[in-house]
Amino acid sequence: TWAQQNLLYGTITDKNQKPVLDAQVIHESTERMDFSSKSGFYQIKNLKKGKSRLIVLKPGYKAIIDTIVIENENIQRDIVLELIEQQLQE
C-alpha cells in the first residue's frame, strides 16, 4: 500500500500575484520547514496528524501565522504576503 505523506504544499505570492522567493514556511508542531522556490512553491512532507500553526516569514513582509489541521490527506495552502510599510525618516 502507498503510505500517506500528509503533505502540506502551496505557493507564496505577493499582493500582485508575483511569486516570493525564499520565504520560510514552518510547520510549528513538527518544526519541519521549507523555503519557497523561484516560482513561490513550497512543500513540507511527513506531517503528524492534528492541529498546528503554520508560520511564514520573509524579511520585508508581514509574518503570517495560520492554523492548519492535518488528517489523512495532503493540504494545499496558498499564502499571500504583504509588504511592511516603510516609514520614511525625516
Looking only at heavy atoms, which two atoms of R32 and K45 are closest? And how far apart? CD-O, 3.3 Å
How long is the span from the OH atom in Y61 to the NZ atom in K15, to the nearest 0.5 Å? 10.5 Å
Heavy-atom nearest pair, K62 first then L83, reads CE-O, 4.2 Å
For the residue pair A63 and L57, what are the closest heavy atoms and their distance? CB-CD2, 3.7 Å
Would you say the side-chain atoms of N16 pair up with the backbone N or O of K18, donor to acceptor, closer than 3.5 Å? no
Quick test of your reading of the model: are D22 and K58 salt-bridged, counting only N-O distances below 4.0 Å? no
Once side-chain hydrogen bond (donor to acceptor under 3.5 Å, both in side chains) is applied, do any residues pair with T13, and if so which ones, sequence neighbours excluded? none
Closest contact, heavy atoms only, V56 versus A23: CG1-CB, 4.3 Å
Just do the side-chain contact (heavy atoms from CB on, under 4.5 Å) check on V80 and E82 with the steps written out, would you? CA-CA 7 Å; V80 177; E82 267 186 70; 5.8 Å; no
d(F41 CZ, S36 OG) to nearest 0.5 Å is 11.0 Å
If you define the side chain from C-beta out and look only at heavy atoms, does anything of Q43 sit under 4.5 Å from L8? no
Between the CG atom in D78 and the OH atom in Y9, the distance rounded to the nearest 0.5 Å is 8.5 Å
Let me know which of N74, I70, I75, L47 forms a side chain to side chain contact (heavy atoms under 4.5 Å, CB included) with L7. N74
With heavy-atom distances below 4.5 Å as the criterion, would you say the side chains of I64 and I12 are in contact? no
More than 12 heavy atoms of other residues, nucleotides or ligands under 6.0 Å from CD of E31: is that the case? no
I44 to M33 - nearest heavy-atom pair and separation: CD1-CA, 4.1 Å
Drop me the distance from L21's CG to F35's CZ, to the nearest 0.5 angstrom. 10.5 Å
Take R77 and D66, measure what salt bridge (charged side-chain N to carboxylate O under 4.0 Å, His left out) needs, and give me the verdict at the end. CA-CA 10 Å; R77 184 62 55 93; D66 201 357; 2.8 Å; yes
Side-chain touch L54/V25, heavy atoms, less than 4.5 angstrom: yes
Minimal non-hydrogen separation, K38 against P19, with atom names: O-CB, 3.5 Å
May I ask whether L81 and I55 are part of the same hydrophobic cluster, defined by side-chain heavy atoms of I, L, V, M, F, W, Y residues being less than 4.5 angstrom apart, directly or through others? no
So CG of D34 and CD1 of I26: to nearest 0.5 Å the spacing works out to 11.0 Å
A side-chain contact here means heavy atoms from C-beta on lying under 4.5 Å apart; do N6 and E73 qualify? no
Return the NE2 to OG distance between H27 and S52, rounded to the nearest 0.5 Å. 3.5 Å
